[in-house]
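Down below is the structure, laid out as structure tokens.
Letters A, B, ... mirror the listed sequences (proteins, then strands); counts begin at 1. Only this structure's heavy atoms are used, side chains among them; waters, hydrogens and symmetry mates stay out.
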Number of protein chains: 2
Amino acid sequence: MAAFRPRPEPAEVARVTATAGELLEVLWGRASTAPASASQMRVLLTLEHQDGINLRTLSAALASTPPSTSRLCDRLVAVGLVERVVGRADRREVRLHLSTRGRAFLDDLRARREQELQAVLTLMPADKRAALREGLEAFCDAAALQMHDSGVRSDDRTA
Amino acid sequence: MAAFRPRPEPAEVARVTATAGELLEVLWGRASTAPASASQMRVLLTLEHQDGINLRTLSAALASTPPSTSRLCDRLVAVGLVERVVGRADRREVRLHLSTRGRAFLDDLRARREQELQAVLTLMPADKRAALREGLEAFCDAAALQMHDSGVRSDDRTA
DNA sequence: TATTGTTATACTCTATAACTATA
DNA sequence: TATAGTTATAGAGTATAACAATA
């Protein structure tokens with residue numbers, strides 16, 4: 001029964017994936033990111049993976065502008081989630097770091113999001129859960145590939 | 001080979017689902033919603049499913065406030081995606097409708113998003129795609145249940 | 001008076017342009 | 001002069017509070 005898998009055409013799967021994506025959006029919308037706004041979240045997540053980058057690099061990563069990013073950082077520094085450090089090699093640069101509180105905040109948010117997910121996943125039969133995992137792992141691999149390939153020239157900042 | 005499904009524990013699946021969710025976010029971020037902002041998108045999507053609702057109902061559906069929603073609608077009306085109509089039964093009310101252009105805009109966006117998804121899905125082996133579909137359909141069912149249950153008192157509209 | 005919607009005002013986020021400081 | 005970052009100013013989105021119109 002669990003092995004019955006009708007019509008795996010991309011268009012069909014795209015539809016159910018899109019639906020799942022929208023549900024996930026609603027679900028995660030409940031795991032509030034307060035006291036950080038959505039924009040501030042993007043800064044924190046970027047810094048988590050590229051700690052110590054300068055402001056221009058950060059604003060490029062966000063597809064934003066230096067002034068906007070500077071103001072975002074103002075507030076994140078003010079609430080103690082981010083730290084600014086003047087560059088040692090080039091004193092014009094500002095090195096941005098996640099503070100200890102910033103790190104703890106992200107860990108906490110992730111935990112809350114995964115809890116929201118688990119509340120749903122435990123409602124699923126074990127074999128469906130296993131199918132979901134199998135399918136999503138392949139999806140993640142394919143998505144990472146696709147993003148890497150088409151991401152090469154989607155940077156727009158080509159001068 | 002395709003039937004090997006290790007450890008379907010919720011925590012494990014939650015992790016891969018969270019990763020897939022973040023990938024989807026990046027993927028869809030490319031299918032730009034311009035000329036509508038994210039907030040305007042929420043208005044359009046809500047109107048699509050509840051055409052003709054009044055402003056207060058809309059603002060409640062968005063978990064926003066009447067003044068903010070009124071301003072959002074100002075701009076959507078200005079660009080021709082939404083229409084305001086005075087209520088026939090109660091002349092205080094404003095009935096909000098998606099315009100023809102508004103509908104076309106949503107159709108187009110959905111098509112672009114599903115194309116982004118299909119580009120990824122076609123990279124997956126057919127059996128993984130089938131597993132993904134099986135798992136996601138169960139996920140959607142469970143998520144709908146979960147949201148309905150815990151949504152009962154998070155709706156604020158208990159009246 | 002209670003309800004629907006708008007206007008008044010303020011704060012965040014975003015952007016472009018002008019400015020300061022370093023190289 | 002070129003580059004890194006900030007400040008100046010403006011527009012969109014959001015909120016609370018005060019208001020207008022209708023019931």
Can you check whether A:Gln40 has a side-chain N or O nearer than 4.0 Å to OP1 or OP2 of C:dT12?
no
For atom CG of A:Leu72 and atom P of D:dT6, their distance in whole Å
12 Å
Please identify each residue that fulfils salt bridge (charged side-chain N to carboxylate O under 4.0 Å, His left out) with A:Arg56, with sequence neighbours left out.
none
Between D:dT14 and B:Ser39, is there an OP1 or OP2 to side-chain N/O distance shorter than 4.0 Å?
yes
Taking CZ from B:Arg88 and P from D:dA23, how many angstroms apart are they, rounded to a whole number?
12 Å
What is the distance from CG of A:Asp74 to P of D:dT6, rounded to the nearest Å?
7 Å
Rounded interatomic separation in angstrom, taking CD from B:Glu93 and P from C:dT6:
12 Å
side-chain contact (heavy atoms from CB on, under 4.5 Å) against A:Gln118, all qualifying residues, sequence neighbours excluded
B:Pro10, B:Ala11, B:Ala14
Just verifying a value: how many Å separate B:Asp90 CG and B:Asn54 CG, rounded to the nearest 0.5 Å?
9.0 Å
From the list B:Leu76, B:Leu81, B:Val82, side-chain contact (heavy atoms from CB on, under 4.5 Å) with B:Leu47 holds only for B:Val82
Measuring from the side chain of A:Arg84 (C-beta onward, heavy atoms only), which nucleotide among C:dT14, D:dG13, D:dT6 has the closest atom?
D:dT6
At under 4.0 Å, does any side-chain N or O of B:Ser37 touch on OP1 or OP2 of D:dA12?
no
The side-chain contact (heavy atoms from CB on, under 4.5 Å) partners of B:Arg42 (sequence neighbours excluded) come to B:Leu62
Holding to salt bridge (charged side-chain N to carboxylate O under 4.0 Å, His left out), I want the full list of residues that pass it with A:Arg91, two or more places apart in sequence or in another chain.
none
Tell me every residue that passes salt bridge (charged side-chain N to carboxylate O under 4.0 Å, His left out) with A:Asp51, counting only those two or more places apart in sequence or in another chain.
A:Arg103
Sub-4.0 Å heavy-atom contacts from residues 48-56 of chain A onto DNA chain D, ordered by number
A:Asn54, A:Leu55, A:Arg56
Protein-to-nucleotide contact annotation, 5' to 3' order, nucleotides 15-23 of chain C [B base; S sugar-phosphate only; - none; under 4.0 Å, heavy atom]
BBB---BBS
Expressed in angstrom and rounded to an integer, what is the separation of B:Leu58 atom CG from C:dG5 atom P?
10 Å
Residues in side chain to side chain donor-acceptor pair (under 3.5 Å) with B:Asp107, at least two apart?
none
State which residues pass salt bridge (charged side-chain N to carboxylate O under 4.0 Å, His left out) with B:Asp141; sequence neighbours excluded, sorted by chain then number.
none
